[in-house]
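Below is one structure, written out as structure tokens; comments come after it.
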There are 2 protein chains.
Amino acid sequence: MTSVQPGSRSRPTIYDVAQRAGVSKSLVSLVLRGHPNVSDRRRRAVLEAIDELGYRPSTAAASLAGHRTHSIGVAIEEFENLWFVELLRGMRQELHATGYHVTVADRDLNSHLALDPIDGFRSLRVDGLVMAMEPGAGVLDDLDLPYVVAGQRENVPGTSDLVAGDDTLGGEMATGHLLGLGHERIAHVTGAGGTAALRCSGYEATMRAAGHRVVVVGHDEPTTELAAGRSTAALLDAEPDVTAVFAANDLMALGAMAALRERGLGVPGDVSVMGYDDTPLAGSAYLGLTSVDDRSDEMGVRTARTLLRRISDPSAPPHRELLEPAVVVRTTTAPGPRAARP
Amino acid sequence: MTSVQPGSRSRPTIYDVAQRAGVSKSLVSLVLRGHPNVSDRRRRAVLEAIDELGYRPSTAAASLAGHRTHSIGVAIEEFENLWFVELLRGMRQELHATGYHVTVADRDLNSHLALDPIDGFRSLRVDGLVMAMEPGAGVLDDLDLPYVVAGQRENVPGTSDLVAGDDTLGGEMATGHLLGLGHERIAHVTGAGGTAALRCSGYEATMRAAGHRVVVVGHDEPTTELAAGRSTAALLDAEPDVTAVFAANDLMALGAMAALRERGLGVPGDVSVMGYDDTPLAGSAYLGLTSVDDRSDEMGVRTARTLLRRISDPSAPPHRELLEPAVVVRTTTAPGPRAARP
DNA sequence: TTGTATGCGTTATCAA
DNA sequence: TTGATAACGCATACAA
């Protein structure tokens, strides 16, 4: 039972545990860290004392003395964007046996302390860092801390470890899926940022190769549902005969669907719609949005693996890999006019 | 510029800064903590040295020596559930000037270490804890750490500080909104758990007071989209003439809408639908789900305020408050048959 | 206004 | 297999 002894002002320390178990503090430390060469009798005594005292080791003292925190930090842009949840899931799976602790911070979390996530993690002395947000220009240039960039391509020095989705390929695959359904007048709703640009380039290349006209809207707009809705509305004015819309992410696909509905166009009856990221949103039974899975869980696995390697060998050559995305077909895409006629 | 000196194996310490600035370590410490009684000349010298060395104070050493971490922990169930994002936003607003650092952990994050979030935070020696997940039975009973429960009602001892939404009232307001639109055959899709039960009781009380029949489905089911879809399908079999469905949360409302669509029923043309929580999902232009705002941002403000009070006065009497929710009307609810006739 | 000394709760090194 | 003991990097009296 975790019962706190009555008279104690402050929390029990390793010293209290040692005294209660009738051993030295060193022995307690050994038991805590699972050292093999400890007699069963002593180990049991220590464990019992720990339990009785409700003792919890101080991570602060441990990391100060041990020169490492056994923790890794994950810097994300914002908690709203759910792709990092899958990334974490993958990381956890890989980190399972290692004893590493994971902490997450977004850009805003401690902005009141004038701390960007990286500075915060540096103060925390994390053993490694996962950069799961777009780094500012130059911030990675001489970061003397083991790190790997996850899911970003912009502002990443060539010497950085990097695990990301192949967004260009994803753009090609999405467009290919629509072409395969018989669509020809396929428009793309893009937005600002490096990731959107890559997805867009995949779309453009595939359309050109197929001999169809490239129609892109939303350059420099935010990658939000609202902006995508506006872009799509403008698109429908200029190109009323599009039969498919590929949006740069799932939320933007929702925006496109809202604009289509406003015009009285059915999905997928009149127009097929695709998103990107395969968020939980897309998987919703109600929405059933066809999307591109960027395999963020697998990205998490690879990211953790890469970071572990980097921590154990800081001078290893940079490791870079792109994960192949996958189209997840649901209910918002259907055969286009060409396929429908015969 | 943050440039690391070439020869140094490890990170610069307060000692290095002191030496470079030509002062003692204590002086550096004073500057760091913004102590007023430091001459401008020295202060500038220290700041400059910090910048040149790229020095970041070790939180571990600071908290070990200072007997507090200046950090507060937020324990959540899972990152997927976005209501905590607004809670954090509110907390940050209140914590702005205090210098407190916020860290978030979900139940799974470090489960591979056999650490539940509370144990983790105890090891971290956070100065305070926000319990934003349903506590296990008894875990709060003798938690000797300043904490406040946010948004939960189950398993909360009467002596705990608590800030939560008034879910019963919210259930009443939702039902009242539908009644006000002229609906009478209103069903409720509930699920397992204390929060859902409170919302359900608000629905029941209001229906009874209005003299209408209570129709509830989904008891003991998970509070997920999928389960809500199944429950709603069963509901429509048993009660084909319902004109409104109130779901215990937004995701479940989606499930209900999927089931309605499957029956060929339009929303809100044939059936009105309401959710609860007013998640970003509900606010989406495409969905436009009428929902109940539980005011999680304000909850964050109150929670932080309460926790600060608790930290500074551990023996203060328990503080409990319920926030009044608000119905947010969007496009999934419309006048019912009674109102439509005249 | 600034410097000195002590201790925080661990890990790690060395002896025993 | 176990026990002393010296760091670890900083805050905090206390002294100057």
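All of these numbers come straight from a predicted model, not from anything done at the bench.
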task = Using a strict 4.0 Å threshold on nitrogen-to-oxygen distance, state whether B:D119 and A:R56 make a salt bridge.
result = yes
request  = Name all pairs fulfilling the side chain to side chain donor-acceptor pair (under 3.5 Å) condition that reach into residues 65-74 of chain B, sequence neighbours left out, sorted by first residue then second.
outcome  = B:T69-B:S71, B:T69-B:D127
Selected nucleotide, minimal atom distance to B:N37 side chain, candidates C:dT4, C:dT1, D:dG3 = C:dT1
query = Can you tell me how far C1' of D:dA16 sits from CG of B:L27, to the nearest Å?
reply = 14 Å
ask   = Does a side-chain N or O from B:R42 land closer than 4.0 Å to OP1 or OP2 of C:dT1, or not?
value = no
ask   = A:Y100: what forms a side chain to side chain donor-acceptor pair (under 3.5 Å) with it, not counting sequence neighbours?
value = none
query = Tell me, which pairs form a salt bridge (Lys or Arg N to Asp or Glu O under 4.0 Å) where one or both residues lie in residues 35-47 of chain B, sequence neighbours left out?
reply = none
query = Between B:H35 (NE2) and D:dA13 (P), how many Å, whole number?
reply = 12 Å
key: Trace of the side-chain hydrogen bond (donor to acceptor under 3.5 Å, both in side chains) decision for A:H319 with A:E321   = CA-CA 7 Å; A:H319 172 88; A:E321 70 180 313; 3.2 Å; yes
request  = Please report, rounded to the nearest Å, how far the C1' atom of D:dC8 is from the CG atom of B:D16.
outcome  = 13 Å
key: Test: B:R107 and B:D116 ion pair at under 4.0 Å   = no
task = Taking only Lys NZ, Arg NE, NH1 and NH2, and the carboxylate oxygens of Asp or Glu, determine whether B:R122 and B:D144 approach each other closer than 4.0 Å.
result = yes
task = Would you give a per-nucleotide map of nucleotides 9-16 of chain C, 5' to 3', where B means the base has a protein non-hydrogen atom under 4.0 Å away, S means only the sugar-phosphate does, and - means neither?
result = BBSB----
task = With axes from five pairs an end, tell me the bend angle of the helix from C:dT1-D:dA16 to C:dA16-D:dT1, nearest 10°.
result = 30°
Donor-acceptor contacts, no H, no angles, side chain residues 81-92 of chain B, under 3.5 Å, sequence neighbours left out:
| unit_1 | atom_1 | unit_2 | atom_2 | d |
| --- | --- | --- | --- | --- |
| B:R89 | NH2 | A:E80 | OE2 | 3.1 |

